[in-house]
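I have placed the structure first, in the form of structure tokens, so that the comments after it can refer back to it.
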Number of protein chains: 2
Amino acid sequence: MTNIQNIRVAVDAIVFGYQNNQLYVLLIQQKFGTEELYWALPGGLVQNDEALQDAVKRELKEETNVTVNYFEQLFTFGDDIKRDPRNRVISVAYFALVDPSKLTIKADSDADHAQWFKIKEVPPLAFDHNNILKKAIERLKAKLTYEPVGFDLLAKEFLFSELENLYCTILEKEIDRRNFRKKILSFEIIEETDQYAPSKSGRPAKLFKFNKLKYNKLTKKGFHFEIKFA
Amino acid sequence: MTNIQNIRVAVDAIVFGYQNNQLYVLLIQQKFGTEELYWALPGGLVQNDEALQDAVKRELKEETNVTVNYFEQLFTFGDDIKRDPRNRVISVAYFALVDPSKLTIKADSDADHAQWFKIKEVPPLAFDHNNILKKAIERLKAKLTYEPVGFDLLAKEFLFSELENLYCTILEKEIDRRNFRKKILSFEIIEETDQYAPSKSGRPAKLFKFNKLKYNKLTKKGFHFEIKFA
DNA sequence: CCAAAAGTGTTTCAGCTACACCCATGA
DNA sequence: TCATGGGTGTAGCTGAAACACTTTTGG
């Protein structure tokens, strides 16, 4: 029991994107053992002099060429000793939300092995990554209802219908358009722009944007974002 | 950058107790360097073949002689590379709630260096442990409002006034007795017993108990515990 | 003028808030 | 009989839920 500790520390990134009523997650192709190819969450070992946060950002950049400036710690997976059959590895998982402009991966050294997957079409992943992803989706769903994170998945300027569909899609619920709009507008954290979206059919729709500064101010005063559904 | 990873993995336990309108946390006295004594959260290095959960339980038992069967993972502290000035150590923090019967520490080999501290009288702790504790208190406050965890801090049979005071004390808020009682009772997850508490003065009070089975059943049906305050 | 999506108000109902008096016991 | 804490009901208000028609554009 007094032998030297031999546990490796890794980080994994769950990066979510959203486009066309679909939630996406960013995966990489990984060689596992000698032959089989698996899809996996981006991630890797932490360096000795590196903050955990920095490690995720670095690994993500290296493996997918995507940069993200805010990661939230999700959970540390380390109860299953054989989660990586080669060594004892614990993994600190982080998740991030990116806007649609990042959904096209810029070609790069390693990035050609990276790909966005629709959340409903994620294949069996390496290690316990399906499990990690599941936990991340739960967290995302929860956060949508008590923090204004939906905006992080949309372009800077967005349509109300996009926001509404995002909530419907991710939470897998039906929402009353009028009540949803009323509720969101009542928070006074999003603003109309004088822009209209190009519309193929139907009445043109106003573009809105999220006022993060105002949200932060309100939060300090005790405001609490919350969306509930039946 | 291809040198061997040299990061140690530790676990720390934040164990909360409650008695006489006071929230307590369990600390141990730790030798730091050669001379100075510091109070610290119970914890230590994870063994190679040991689940993180098991590591916390073991360390807690060894250091304080307290056993806890449910720990919830709080957060992993590993962004500050010098949080332990001796080595790079990341710590996975877990927290637990224990009932008042555990507030008297049974003497044991190491347990004589363990002590319960009122939350308002916690001294400066080793490493970043004050910071960890702060985060744990925040989490506890949050959980009180959306999960029925208050009962874990009380004896099996408790008075309504105890539950009420627990909420007031920990959340540092005033509560209307009538509304609180109505709200809690409306959930139908606690039951009267036919016992009365020995009363020194005033009308004797009924003892209640939490029906965890019923709570679990309700939860499966979509019930959601929630207490809000003005 | 038709199809398609955007925009908008009102009524109803449930649950939260605020609030004050009587009850059972021991000293 | 008094002091102490336990136990209880109601009225008003606020916010959620349910619900359908009009507007603007392109084809």
What integer distance in Å separates [X]:[atom1] from [N]:[atom2]?
X: A/K182; N: C/dG9; atom1: NZ; atom2: C1'; result: 7 Å
X: A/F180; N: C/dA6; atom1: CZ; atom2: C1'; result: 15 Å
X: A/I175; N: C/dA6; atom1: CD1; atom2: P; result: 14 Å
X: B/E174; N: C/dA18; atom1: CD; atom2: P; result: 12 Å
X: A/R178; N: D/dA16; atom1: CZ; atom2: C1'; result: 14 Å
X: B/K228; N: D/dT14; atom1: NZ; atom2: P; result: 16 Å
X: A/R177; N: C/dG9; atom1: CZ; atom2: P; result: 14 Å
X: A/N179; N: C/dT8; atom1: CG; atom2: C1'; result: 12 Å

Taking OP1 and OP2 of [N], is either one under 4.0 Å from a side-chain nitrogen or oxygen of [X]?
X: B/K200; N: C/dG26; value: no
X: B/K183; N: C/dC16; value: yes
X: A/S161; N: C/dA6; value: yes

For A/G202 and B/S201, find the nucleotide of DNA chain D closest to each by heavy atoms; which residue's nucleotide sits nearer the 5' end?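 With A/G202 and B/S201 compared, the 5'-side residue is B/S201.
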First encountered from the 5' end of DNA chain D, between A/D176 and A/R203: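 This one resolves to A/D176.
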Looking at the base of C/dA6, is there any donor atom on it, or on the side chain of A/R181, that sits under 3.5 Å from an acceptor on the other one?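 In this structure, the two groups form no donor-acceptor pair.
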Hey, is OH on A/Y146 packed in by over 12 heavy atoms from elsewhere, all under 6.0 Å?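 Yes.
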Report, as yes or no, whether the 6.0 Å neighbourhood of atom NZ on A/K209 holds more than 12 heavy atoms from other residues, nucleotides or ligands.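 No, NZ of A/K209 has 12 or fewer neighbouring heavy atoms, counting only those of other groups under 6.0 Å.
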Side-chain atoms of residues 14-23 of chain B: list all donor-acceptor pairs with protein atoms under 3.5 Å, sequence neighbours left out, distances to 0.1 Å.
residue : atom : partner : partner atom : Å
B/Y18   : OH   : B/N21   : OD1          : 3.4
B/Y18   : OH   : B/L166  : N            : 3.2

A/K135 to A/F75, cation-pi by 6.0 Å centre distance and 45° axis angle: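 Yes, a cation-pi geometry holds between A/K135 and A/F75.
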Just verifying a value: how many Å separate A/H129 NE2 and A/L41 CG, rounded to the nearest 0.5 Å?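 Spacing of NE2 (A/H129) from CG (A/L41) equals 5.0 Å.
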